Amino acid sequence: MNLMHAGFLLAGLAAMTLPIWIHLLLRPRAPLMEIGSTRFISQVVQQSKRRRWIRRWLVLALRCLAVLLLGLLFARPYLPEVPVDGSTREVAVLIDRSASMSARHDDGRSAFDQAKRQAAKFLSEQGDQARVHLGLFDASGVQSVSSADLSKLDASATAGSYVKPLQWAADRLGGSIRKDRTLLILSDYQRAPLDGAADLLFPADVPVEILDTGPAVSGNLAVLDVQPTQTELRPKHPIAISIWISNQSPFPISALKLSLELQGPDQTVKQQAVVDLEGEQRRSVVMELPITTSGIYHGTVSIQGDDAFAWDDQRYVAFEVTYPDRVLLVDGQSSDNTYENETYFLEKALRLQTAVGSGPPRTFEVERLIWDRGKGFPDLGGFRLIVLANIGRLSKSDADRMRQFLERGGNLVIFAGDRTSAAVLQTLRQSQLTGKLEFQPPRDVQLRVTDFDRENPALRLFAEPHRGDLRRLTVHRILPIVDKAGEFEVLMQAGASPLIVSRKMGTGRLTFVATTADRQWNDWPQNRLYVPLVRQLAAWLTGRFEPLRPVQSLTIRDAQQAPGIEDDLAGVVVQNVAASESDIGKLDEDAFRAKLGLQRAAAEDAPVGHQEFAPEGASRSDEKWPWVVWGLLGLLSAELLLSSRTPE
């Protein structure tokens with residue numbers, strides 16, 4: 001038997017002496033009387049005295065026991081329904097180890113440290129024979145650990161999650177044959193998505209205890225995200241990044257210092273800014289950086305905050321600074337009317353500052369050459385892509401320069417047109433540019449695009465119908481091509497007629513388009529897909545889809561990972577904590593239980609009417625005080641009956 005207030009029992013033991021003292025002090029004393037003959041009277045008196053003595057001691061014992069039971073009643077005895085050794089008990093303990101559990105209390109201990117202490121205390125009370133399942137959880141799942149290793153572990157840099165951990169506990173407790181099962185969850189109960197909660201089937205007969213070990217915080221300053229917004233070295237357009245910061249306090253912050261430090265190929269960039277933040281505000285700050293050389297720059301952005309969430313005051317960033325890819329447009333049909341130039345639509349599409357894939361918008365540095373007014377190609381050094389649009393003449397030496405340009409890693413696109421004569425095609429073939437392609441005379445058609453290479457990096461974007469259907473593009477005149485040798489890849493075709501074909505040449509690539517770049521032979525410039533199609537093809541040919549050293553920005557999803565930057569020959573990987581971990585809001589316990597179908601522990605199952613007048617946890621289901629009350633009433637009744645029949 002255990003006692004909730006053992007001091008009252010000690011007081012009862014002390015109070016037991018009161019009836020004894022009263023009995024001794026008030027014991028009646030018989031007066032001495034002299035009478036004649038006492039032989040017969042002495043026998044009667046001796047028998048009566050013996051009975052009174054026995055009854056008096058019984059009354060004294062009942063009174064002492066009544067006082068002891070009164071003290072025991074106030075001590076509130078209880079008999080645990082679970083054996084002390086825990087032989088019928090099976091428990092699961094889940095400890096949140098997400099990044100927010102690194103938040104510090106006023107005493108310097110983290111929420112994770114508090115959770116470990118509470119878990120150790122809970123486990124020490126379960127008994128030697130109890131079966132224990134101990135797990136650390138975050139968005140990556142649950143890691144089973146032993147209680148001996150618990151003190152050596154620390155919080156991770158991952159986001160929080162609750163559904164997978166609860167499924168882990170349900171799998172272990174749901175199949176248990178032990179009758180006393182309990183789940184204890186220790187967390188800061190930070191707001192986290194409950195995706196998959198509808199599919200969670202947690203055992204309804206397993207009570208769940210919830211303990212919040214997080215500090216009570218009223219604000220948090222955080223760097224939520226850092227993204228480059230301008231990464232091309234262009235005149236009058238400095239390199240820039242956008243930094244998202246937040247103030248979750250209800251009070252404004254003035255003169256907040258924001259610091260950036262980047263390490264580049266041959267320079268270190270340091271920059272500071274001072275910003276003001278209103279209460280509960282989230283805003284972006286754009287920093288223009290004095291970067292003048294290309295390469296990969298990586299470093300940190302930090303704020304000088306003072307709050308419990310110190311880990312989100314810094315964020316890592318890396319990005320590549322490049323020069324725009326130079327593109328030479330060779331216009332084979334110039335006109336006094338700008339809109340009638342062969343490369344007018346191409347030039348407009350390539351000059352737009354539109355993002356290609358993910359990352360900040362990038363442009364092409366476009367130069368236009370009017371072929372009929374020149375004497376040949378300029379110096380081709382520095383160009384990544386050359387576009388020949390409906391040229392009417394081409395010398396053998398110029399064609400050979402094109403072949404050398406391709407072999408050195410350049411890229412060439414040839415658009416057909418009315419000026420693309422048989423002589424031009426013959427020159428291309430003699431210089432081995434078009435291989436064994438056979439060309440037929442141009443003919444009028446009415447065709448739509450029927451198929452395209454969905455695996456090609458340039459056209460993969462259009463495999464998703466919501467991004468645009470290339471089959472809406474039509475042509476009404478083409479230059480038929482036949483590739484009997486199978487040297488070219490067909491990127492796009494209309495019926496049996498190839499529209500765009502391509503092949504590798506050396507380290508470069510040649511692409512031939514069987515229609516014009518303008519509206520003479522098709523309606524492509526009038527279609528909204530023209531700009532993305534042109535930019536995708538140009539980005540593919542200039543290698544933007546295959547960077548030499550890619551930069552990846554990842555959110556940490558593994559408990560073994562830490563925030564930072566990994567830089568090697570394969571590329572740069574930036575790892576940061578999920579921005580959601582900076583949220584100081586907490587989940588409501590009642591809504592949390594209702595959403596996940598979690599039952600309260602037995603000690604919390606008091607009737608609603610009782611909860612209105614008694615604090616939570618004021619009584620236990622295994623208390624035995626009613627038995628003590630009935631025993632006390634019985635003793636008092638027996639004492640009353642016996643004392644009334646015992647003369648003094």
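Computed from a predicted model, the values in this text were never measured in an experiment.
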Original post:
Is the CZ atom of R234 crowded by more than 12 outside heavy atoms at less than 6.0 Å?
Top reply: yes
Original post:
What do you reckon, is NZ of K504 surrounded by more than 12 foreign heavy atoms closer than 6.0 Å?
Top reply: yes
Subject >> Heavy-atom side-chain contact between V317 and L262 under 4.5 Å >> reply: yes
Original post:
Should R315 and T300 count as side-chain neighbours, where that means a heavy-atom distance under 4.5 Å?
Top reply: no
**OP:** Using a 4.5 Å cut-off on heavy atoms from C-beta on, say whether the side chain of D518 contacts that of Y344.
**Re:** no
**OP:** Can you run down the side chain to side chain donor-acceptor pair (under 3.5 Å) pairs that involve residues 243-265, sequence neighbours left out, and say none if there aren't any?
**Re:** S259-Q272, Q263-T268
For a quick test of your reading: what N or O donor-acceptor pairs under 3.5 Å do the side chains of residues 159-169 make, sequence neighbours left out?
| residue | atom | partner | partner atom | Å |
| --- | --- | --- | --- | --- |
| Y162 | OH | S187 | OG | 3.2 |
| Y162 | OH | Q190 | N | 3.4 |
| Q167 | NE2 | D171 | OD1 | 3.1 |

**OP:** Go through the steps to decide whether T292 and I239 satisfy the test side chain to side chain contact (heavy atoms under 4.5 Å, CB included), and finish with yes or no.
**Re:** CA-CA 9 Å; T292 57; I239 304 301; over 6 Å; no
**OP:** Using the side chain to side chain donor-acceptor pair (under 3.5 Å) rule, pick out the option among D312, D313, D583 that qualifies with N220.
**Re:** D312
**OP:** Take I243 and M287 through the side chain to side chain contact (heavy atoms under 4.5 Å, CB included) test and state the conclusion after the steps.
**Re:** CA-CA 8 Å; I243 305 168; M287 278 191 176; 4.0 Å; yes
Original post:
What distance separates L150 CG from L134 CG, expressed to the nearest 0.5 Å?
Top reply: 5.5 Å
Original post:
At what distance, to the nearest 0.5 angstrom, does CH2 of W311 lie from CD of E581?
Top reply: 5.5 Å
Subject >> Closest non-hydrogen atom pair between D149 and L153, with its separation >> reply: O-CG, 3.4 Å
**OP:** Taking the side chain as every heavy atom from C-beta outward, state whether V531 and L533 have any atom pair closer than 4.5 Å.
**Re:** no
**OP:** Could you note down all residue pairs passing side chain to side chain donor-acceptor pair (under 3.5 Å) where residues 279-288 supplies at least one of them, sequence neighbours left out?
**Re:** none
Original post:
Hey, are Q267 and Y297 close enough side-chain-wise for a donor-acceptor pair under 3.5 Å?
Top reply: yes
Original post:
side chain to side chain contact (heavy atoms under 4.5 Å, CB included) between V274 and L258: does it pass, once the steps are laid out?
Top reply: CA-CA 6 Å; V274 178; L258 183 62; over 6 Å; no
Subject >> Where V551 and E320 come nearest, the two heavy atoms and their spacing >> reply: CG2-N, 4.4 Å
**OP:** Would you mind listing every salt bridge (Lys or Arg N to Asp or Glu O under 4.0 Å) that reaches into residues 136-148, with sequence neighbours excluded?
**Re:** R97-D138
**OP:** Determine whether the aromatic ring centres of F462 and F452 lie less than 6.0 Å apart.
**Re:** no
**OP:** Heavy atoms only: give me the nearest L385-L412 pair and the separation to one decimal.
**Re:** CD1-N, 4.3 Å
**OP:** Drop me the distance from L136's CG to D154's CG, to the nearest 0.5 angstrom.
**Re:** 10.5 Å
Subject >> From E365 atom CD to L350 atom CG, the distance as rounded to the nearest 0.5 Å >> reply: 12.5 Å
**OP:** Examine distances only and state if a side-chain atom of D325 and a backbone atom of R384 form a donor-acceptor pair shorter than 3.5 Å.
**Re:** no
Subject >> Test salt bridge (Lys or Arg N to Asp or Glu O under 4.0 Å) applied to R326 and E367, step by step >> reply: CA-CA 8 Å; R326 296 181 66 196; E367 295 185 23; 2.7 Å; yes
Subject >> From CA spacing to verdict: side chain to side chain contact (heavy atoms under 4.5 Å, CB included), F202, L596 >> reply: CA-CA 8 Å; F202 195 82; L596 298 172; over 6 Å; no
**OP:** Please answer whether the main-chain N or O of G409 pairs with a side-chain N or O of T507 as donor and acceptor at a distance below 3.5 Å.
**Re:** yes
Original post:
Where do T213 and A111 come nearest, in terms of heavy atoms and distance?
Top reply: OG1-O, 3.2 Å
Original post:
If we only count heavy atoms from C-beta on, is the L260 to L289 side-chain gap below 4.5 Å?
Top reply: yes
Subject >> Sequence neighbours excluded - salt bridge (Lys or Arg N to Asp or Glu O under 4.0 Å) pairs with any residue from residues 98-122 >> reply: R104-D113, D107-R109, D113-K116
Subject >> Minimum side-chain heavy-atom gap S110-H105 below 4.5 Å >> reply: no
Subject >> Side chain proximity check, T511 to I414, heavy atoms < 4.5 angstrom >> reply: no
Original post:
Are D266 and T293 close enough that a side-chain donor and a side-chain acceptor fall under 3.5 Å?
Top reply: yes
Subject >> Contacts of D451 that satisfy side-chain hydrogen bond (donor to acceptor under 3.5 Å, both in side chains) - sequence neighbours left out >> reply: R454
**OP:** Give, for atom CG of L459 and atom CG of L537, the distance between the pair rounded to the nearest 0.5 Å.
**Re:** 6.0 Å
Subject >> Under 3.5 Å side-chain donor-acceptor pair for S242 and Q227 >> reply: no
Subject >> Shortest non-hydrogen contact between F309 and S100, atoms and distance >> reply: CE2-CB, 4.0 Å
**OP:** Write down the atom of R460, the atom of E455, and the distance for their closest heavy-atom approach.
**Re:** NH2-O, 3.0 Å
Subject >> Donor-acceptor contact below 3.5 Å, side chain R535 vs main chain A349 >> reply: yes
Original post:
Taking the side chain from D567 and the backbone from V572, do they hold a donor-acceptor pair closer than 3.5 Å?
Top reply: no
Original post:
Is there a donor in the side chain of D558 and an acceptor in the side chain of S140, or the other way round, less than 3.5 Å apart?
Top reply: no
**OP:** Report yes or no: does D331 contribute a side-chain atom to a donor-acceptor pair with the main-chain N or O of I370 at less than 3.5 Å?
**Re:** no
Original post:
Without hydrogens or angle criteria, can the side chains of T343 and N341 be said to hold a donor-acceptor pair below 3.5 Å?
Top reply: no
Original post:
In Å and rounded to the nearest 0.5 Å, what is the NE2 to CG distance from H133 to L184?
Top reply: 14.0 Å
Subject >> Note, S302 side chain near Y316 side chain (heavy atom, < 4.5 Å) >> reply: no
Subject >> Atom NZ of K586 with >12 non-hydrogen neighbours under 6.0 angstrom >> reply: yes
